[in-house]
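To keep things clear, I will list the structure first and then write my remarks on it.
Convention: sequence-line order gives letters A, B, ...; per-chain numbering from 1. Treat the numbers as computed from the prediction; the structure is a model and nothing was measured.
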2 protein chains.
Amino acid sequence: MPRNAPVLRIDLASARPVYEQIVSGLRALLVKGEFEPGDQLPTVRQLAIDLGVHHNTVAEAYRVLAAEGWLDLRRGRGAVVIDRRGPKATAGAKHGFARRLEELVAKAISDGVPRATIAEHIGAFAKKLGKT
Amino acid sequence: MPRNAPVLRIDLASARPVYEQIVSGLRALLVKGEFEPGDQLPTVRQLAIDLGVHHNTVAEAYRVLAAEGWLDLRRGRGAVVIDRRGPKATAGAKHGFARRLEELVAKAISDGVPRATIAEHIGAFAKKLGKT
DNA sequence: GGGCATTGTCTATTGTATACGTACAATGTA
DNA sequence: TACATTGTACGTATACAATAGACAATGCCC
């Protein structure tokens with residue numbers, strides 16, 4: 001039984017590929033627990049209309065998430081959230097995360113965000129994450 | 001007077017554009033303070049050889065960093081690190097950072113990295129950042 | 001000052017990826 | 001069984017990434 005679909009916002013003007021934004025945004029919602037296993041996601045056509053893109057673009061995003069084990073896709077039925085058992089993290093995954101984090105923070109600093117602001121935000125995020 | 005150039009590692013097999021990896025990696029080093037204003041960066045050709053790519057690929061990365069105010073580029077002279085005065089952060093920059101962070105963490109969790117590990121890593125990172 | 005190597009820049013060219021248009025196949029429903 | 005719904009497959013237009021190679025500005029050495 002699907003709840004009200006959480007809002008997913010994308011930036012059509014961004015250089016970042018739209019399908020990638022959809023993947024990343026939906027994955028964040030899934031990890032956050034915004035969907036229960038068995039929940040229906042919007043159909044590729046419906047979400048495409050909402051976002052103002054072609055339905056194949058959404059379909060591509062859904063396929064990525066399906067490959068990661070988040071979704072079950074079937075014609076005529078739609079996209080259903082799966083009770084997912086995540087993989088074990090590889091050393092590369094951890095290392096890659098650490099590097100990406102450093103680069104992301106460096107970008108923010110380069111953009112003028114004060115270090116204190118970033119540190120505060122990150123610290124709060126870590127605290128919230130630890131409680132889960 | 002240039003120091004020994006810190007190692008910059010890129011992944012040619014990654015789908016992420018090489019020039020973007022170079023930009024992101026070098027920016028992180030610059031923010032970290034690995035270079036002093038006035039330091040020479042490797043020439044586009046030298047770094048290209050080190051990384052195994054074409055010198056135009058490195059040149060493109062250097063141009064991005066120059067546009068951000070990190071580098072001064074001149075023919076015959078090379079790439080010199082500038083004493084940079086960063087911009088003031090826009091609201092969009094802060095917001096974008098927050099979203100990207102959430103997506104990055106979600107990806108790591110999806111890849112199987114334990115939440116506790118991430119929280120720990122982020123927390124330590126925030127602490128180190130706050131001290132600066 | 002002249003000659004020459006060095007270094008970043010410019011202009012194609014090629015391969016690849018993104019997004020779209022359209023037709024198709026599988027599923028659900030009346 | 002019809003028919004609508006939904007994801008999929010395939011072709012195409014366009015933009016981007018990376019390369020190749022020639023060019024222009026600078027520095028250096030005699």
Distances under 3.5 Å between protein N/O atoms and the N/O atoms of nucleotides 15-18 of chain C, please, pair by pair.
| unit_1 | atom_1 | unit_2 | atom_2 | d |
| --- | --- | --- | --- | --- |
| C:dT18 | OP1 | A:Tyr19 | OH | 3.2 |

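- Applying the side-chain hydrogen bond (donor to acceptor under 3.5 Å, both in side chains) test between B:Ser24 and each of A:Glu103, A:Glu102, A:Lys107 identifies A:Glu103 as the sole match.
- First and last contacts of DNA chain D with chain B, using any nucleotide atom under 4.0 Å from a protein heavy atom and ordered 5' to 3', fall at D:dA17 to D:dG27.
- Between atom CD1 of residue A:Ile82 and atom CZ of residue A:Phe35 there is a gap of 14.0 Å, rounded to the nearest 0.5 Å.
- For the pair A:Gln40 (side chain) and A:Gly78 (backbone), a donor-acceptor distance under 3.5 Å is absent.
- A:Phe97 places a side-chain heavy atom less than 4.5 Å from the side chain of B:Ile122.
- With sequence neighbours left out, the side chain to side chain donor-acceptor pair (under 3.5 Å) criterion links B:Gln46 to B:Asp50.
- B:Asn56 is linked by a side chain to side chain donor-acceptor pair (under 3.5 Å) to nothing, counting only residues two or more places apart in sequence or in another chain.
- Taking all atoms of both residues into account, the shortest heavy-atom contact from B:Leu104 to A:Arg100 is CD1-CB, 3.5 Å.
- Exactly one residue among B:Asp39, B:Leu26, B:Asp72, B:Leu65 makes a side chain to side chain contact (heavy atoms under 4.5 Å, CB included) with B:Val81. That residue is B:Asp39.
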Fill in the blank from the handout: Once base and sugar-phosphate atoms are separated, protein heavy atoms under 4.0 Å mark nucleotides 1-12 of chain C, 5' to 3', with B, S and - as -----BBBBBB-
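- For the salt bridge (Lys or Arg N to Asp or Glu O under 4.0 Å) test, no residue two or more places apart in sequence or in another chain qualifies with B:Lys127.
- The backbone N or O of B:Ser110 lies less than 3.5 Å from a partner atom in the side chain of A:Arg84, making a donor-acceptor pair.
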